[in-house]
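Note sheet for the following structure.
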Protein chains: 2
Amino acid sequence: MTDIAADGPSGRFVDGYLLYLLARASSVASAEFHEEVRARGVPVVVWRVLASLKGADEGLTVGDLAKSCLAKQPAISKTVDKLVGKGLVDRHEDAEDRRRVRVRLTPAGEAHVDELILAARAHQARLVEAIGKGEIETLRRALLRLIERAGAGAPPIDADATPDE
Amino acid sequence: MTDIAADGPSGRFVDGYLLYLLARASSVASAEFHEEVRARGVPVVVWRVLASLKGADEGLTVGDLAKSCLAKQPAISKTVDKLVGKGLVDRHEDAEDRRRVRVRLTPAGEAHVDELILAARAHQARLVEAIGKGEIETLRRALLRLIERAGAGAPPIDADATPDE
DNA sequence: CTCAAAATTATTCCTTTTCATACAATAATG
DNA sequence: CATTATTGTATGAAAAGGAATAATTTTGAG
């Protein structure tokens, strides 16, 4: 195994490397929409926080947000600070565990994220149209499976690890 | 189209959002190996630069490196500075265009990256084993197709755009 | 040939992220 | 219970990253 000559058509190692394909695909696919989001003056992290909160009616803890946004906890704490300042989210105590801070969308935040989600859905629809519905479903299933099983390889390492570029 | 109730099993929007699945899959899949890389004292950007240079015997320009590493040009210029300092790469003029700077691996850099690539291949092999060879091939094809066609949707936007977390 | 426009990289300045740590609350142990 | 360990969040200093810009070279137009 680990065939020494399995580098894909080009000579470069990276062109056949799965983790690179994943990162590149994510980057390329997100580029257009992230551009659109930032054109509205919304940093990508903010979009992720708001999008993660949408549908979480009980709110999410800072830690959950960090995982969901593929970011570290301190970065989320600071982003939440700003969003509280803008009145888009609020913090409130968790009844069961007073260490936790639950972050919820305010009505203003909800309205804001609804617009963004509309744009996201439109963009996704264009993507599906360009790639093909069947292909997208295949991809979605493969990604879900990868997400499920990826962390399982090396149990010793804690589930947190390091987000990604 | 853009079915308003197409959010996946959970209530949260993001759980059914393709760009999120891509980013999450990339993050989860890379987490383990990135941890391994950083445990050796190698920042992820450095790994990407070195890996991108492997097999590019003529060297790569700073701009090409930026694209390949999903980073911005100034970040790469600075990373290259450090790597030159460590003797892992060198800069030399491009004969055809003196604006360009070609970056090449030094013998020391080559040796260094060879070790890392060995580890990367081993990690990938474990991943393939965990997920299944067929599934991985399906995924690889879908990703390649996505990378090919993704930028095609909105021709006005330049190919650079924004990498991704 | 001359001059304006475009391209490539380095640099500066500012924002964001990260690491380390501190603090508070819960869980676990004896 | 009392004590220790663990978990969750915030904060401060340091590092990294990004936008804007300058300097140099090439390309294109007249």
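Letters A, B, ... mirror the listed sequences (proteins, then strands); counts begin at 1.
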query: C:dT9 base to B:Lys78 side chain: any donor-acceptor pair below 3.5 Å?
result: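 It does not, because no donor-acceptor pair links the side chain of B:Lys78 to the base of C:dT9 below 3.5 Å.
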
Take atom [atom1] of [X] and atom [atom2] of [N], then tell me their distance rounded to the nearest Å.
X: A:Glu96; N: D:dT9; atom1: CD; atom2: P; value: 13 Å
X: A:Asp94; N: D:dG8; atom1: CG; atom2: P; value: 11 Å
X: B:Arg100; N: D:dT25; atom1: CZ; atom2: C1'; value: 11 Å
X: A:Lys82; N: D:dT11; atom1: NZ; atom2: C1'; value: 14 Å
X: B:Glu93; N: C:dT8; atom1: CD; atom2: C1'; value: 13 Å
X: B:Ile76; N: D:dG18; atom1: CD1; atom2: C1'; value: 13 Å
X: A:Trp47; N: C:dT16; atom1: CH2; atom2: P; value: 19 Å
X: A:Lys67; N: D:dT9; atom1: NZ; atom2: C1'; value: 13 Å

A:Thr106 versus A:Gly87, closest heavy-atom pair with distance: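 Here A:Thr106 and A:Gly87 meet closest at OG1-O, 2.6 Å.
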
- request: List the atom of A:Arg140, the atom of B:Gly16, and the distance in Å for their closest heavy-atom pair.
  value: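 Shortest heavy-atom separation between A:Arg140 and B:Gly16 comes out as NH1-O, 2.7 Å.
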
query: Any side-chain N or O of B:Arg99 less than 4.0 Å from the OP1 or OP2 oxygen of C:dA6?
result: no

message: OP1 or OP2 of C:dT18 versus the side-chain N and O atoms of B:Arg38: is any pair under 4.0 Å?
response: no

task: From the options C:dT16, D:dA19, D:dA10, select the nucleotide whose nearest atom is closest to the side chain of A:Val62.
output: D:dA10

message: Starting the side chain at C-beta, find the nucleotide from D:dA16, C:dT17, C:dC19 nearest to A:Pro74.
response: C:dC19

field: First encountered from the 5' end of DNA chain C, between A:Arg98 and A:Thr79
entry: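 It is A:Thr79 whose nearest nucleotide is closer to the 5' end.
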
- prompt: Starting at the 5' end of DNA chain C, which residue's closest nucleotide do you reach first, B:Gln73 or A:Ala75?
  reply: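 Looking at DNA chain C, the more 5' nearest nucleotide goes with B:Gln73.
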
- prompt: Would a distance-only check, ignoring hydrogens and angles, find a side-chain to backbone donor-acceptor pair under 3.5 Å from B:Arg102 to B:Gly59?
  reply: yes

- request: Any chance you could measure A:Leu50, atom CG, to A:Leu88, atom CG, to the nearest 0.5 Å?
  value: 6.0 Å

- prompt: Do B:Leu53 and B:Val113 have side-chain heavy atoms sitting under 4.5 Å apart?
  reply: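 Answer no - side chains too far apart.
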
